[in-house]
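Following: one structure in structure tokens, then a few remarks.
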Amino acid sequence: MQEQKTPGISPADATGIWFSRARFGLFVHWGHGSRCGWELSWPLVGGMKALRHCQDVPAETYHANARAFAPHAGAARAWIAAAKRCGMQYTVLTAKHHDGFALWPTRASDFSIAATPYRGDLVREFVDATREAGLRVGLYFSLCDWHHPDYPPFTDADRPYRYGMAPRPTEAGWARYVEFLFAQLRELLTDYGRIDLLWFDGGWERTADAWQTRELEAMIRSLQPGIVINDRLPGCGDYDTPEQFVPPEPPGRAWETCLTMNESWAWNPDDADYKSARALVHTLCEVASRGGNLLLNVGPTGDGSLAPEQVERLDAIAGWMAANGESILGTEPALAPWQFYGPTTRRGTRLYLHVLSRPYDSVTVRGLPIRRVRRVIELRSGAVLESSGRCPVIDELFNADPTGQLTIRVPEPVLDPLATVIAVDLD
Ligand code: GLC
């Protein structure tokens, strides 16, 4: 694989500017269930419709599996190295999912990695590896906890899982749970240096008031002033998280599509429904052209290695990004849909056209200042492409800076099997 040579993103400021231009990140769904190839958490409540390959495991059996979690030390390094090669700018790890199992040795309970044969600190390994690679680091944290005694836990008698019908806590129990929640977040935000992003989930089970999200947000921002928070902390948050979906119209603020490579978040050897590397690259182009970020998921196996299907896709994306990453990272959306049949981005006076289907002879871009086109190249090879401009005849005669259409010849040999990028330099 080639080393990433694409330009980096602008440095962060307290408002999280880095995030709104990051464009590409790595999501990691990992837990003790990965040892058995189970989806994270959902098997213990009997599965979930949207997760087509999710197992159904009795709650006790599911939780008991935690005691056997014994990954290899330092597994995160390989994921982060792959993320770096792909040009990804940030990473997010499931520090705690709905099943309540903490990947760090939390002092707030004994249900964590500290009670496994491994005993290390998987959050620390992840944060350190990410930092060493020069990337920004995020942690996924589930507000709901299907294991904690005060939550209270989900049992087989509560099946089937119904949204909004979670088992009800006692008042005293809930007060203790909220204290526990604050304590765990305080640990994550004080013991690991700078944390760039918090990715909440599971908030649908209670109200913003019950979670005390205002107080929680205030605590988070006081501990980590520059932090970016997703929209799943009810009533708070800095950006939207369309899940497994690219919004047709970009939401009015920063956003991120989170996407699985197959149909599962965690590693599942029975789920062979993988998207092709090409489809993943196309999604990346679409997301970037609408001003969003793609948080692409991997699900490491129980020992922490990545399955060959996932490595293969990351390798292909890395190869594509090594040549074409400048058309994605740190760019802005460019043209309106009527101007070009495909996603487009820009950086300064350079326009990037993402050609996602095979052109017959040429492609056309409309509404360009055609006399200001300096150069048109295929980005990967640097090959100069022939192009010609056209505008209304009257403008041709009397307008010094006419708007018209640019037709670019795209010869077969320059086509990239994943996605061809054409760069148009304007004066
Ligand atoms: C959903 C699922 C969860 C997954 C998350 C990622 O909310 O509950 O399993 O981690 O999406 O977006």
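Order of appearance sets the numbers: ligands from 1, and atoms from 1 within every ligand. Quick caveat, the model's predicted, so the values are computed rather than measured.
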Return a table of donor-acceptor pairs under 3.5 angstrom between the side chains of residues 362-369 and protein atoms on other chains or two or more places apart.
{"residue": "Thr364", "atom": "OG1", "partner": "Thr407", "partner atom": "OG1", "Å": "3.3"}
{"residue": "Arg366", "atom": "NE", "partner": "Gln405", "partner atom": "OE1", "Å": "3.3"}

(message) Check this for me, if you would: do Glu39 and Arg52 make a salt bridge, where the nitrogen-to-carboxylate-oxygen distance has to be below 4.0 angstrom?
(response) no
(request) Name all residues meeting the side-chain contact (heavy atoms from CB on, under 4.5 Å) criterion together with Asp56; count only those two or more places apart in sequence or in a different chain, and write none if there are none. (result) Arg159
(message) I want to know whether Phe101 and Trp146 have ring centres closer than 6.0 Å.
(response) no
Distance dump, ligand 1 polar atoms to protein, N/O, under 3.5 Å:
{"residue": "ligand 1", "atom": "7 (O)", "partner": "Asp201", "partner atom": "OD1", "Å": "3.2"}
{"residue": "ligand 1", "atom": "7 (O)", "partner": "Asp201", "partner atom": "OD2", "Å": "3.0"}
{"residue": "ligand 1", "atom": "7 (O)", "partner": "Arg232", "partner atom": "NH1", "Å": "3.3"}
{"residue": "ligand 1", "atom": "8 (O)", "partner": "Trp42", "partner atom": "NE1", "Å": "3.0"}
{"residue": "ligand 1", "atom": "8 (O)", "partner": "His98", "partner atom": "NE2", "Å": "2.9"}
{"residue": "ligand 1", "atom": "9 (O)", "partner": "Trp42", "partner atom": "NE1", "Å": "3.0"}
{"residue": "ligand 1", "atom": "9 (O)", "partner": "His97", "partner atom": "NE2", "Å": "3.1"}
{"residue": "ligand 1", "atom": "10 (O)", "partner": "His29", "partner atom": "NE2", "Å": "2.5"}
{"residue": "ligand 1", "atom": "10 (O)", "partner": "His97", "partner atom": "NE2", "Å": "2.8"}
{"residue": "ligand 1", "atom": "10 (O)", "partner": "Tyr140", "partner atom": "OH", "Å": "3.3"}
{"residue": "ligand 1", "atom": "11 (O)", "partner": "Glu243", "partner atom": "OE1", "Å": "3.0"}
{"residue": "ligand 1", "atom": "11 (O)", "partner": "Glu243", "partner atom": "OE2", "Å": "2.8"}
{"residue": "ligand 1", "atom": "12 (O)", "partner": "Glu243", "partner atom": "OE1", "Å": "3.3"}

Run the side-chain donor-acceptor check on residues 163-174: report pairs under 3.5 Å with partners two or more places apart or on a different chain.
{"residue": "Arg168", "atom": "NE", "partner": "Ala166", "partner atom": "O", "Å": "3.4"}
{"residue": "Thr170", "atom": "OG1", "partner": "Gly173", "partner atom": "N", "Å": "2.9"}
{"residue": "Trp174", "atom": "NE1", "partner": "Ala210", "partner atom": "O", "Å": "3.0"}

(request) Look at atom CD of Glu60 and say whether more than 12 heavy atoms of other residues, nucleotides or ligands are closer to it than 6.0 Å. (result) no
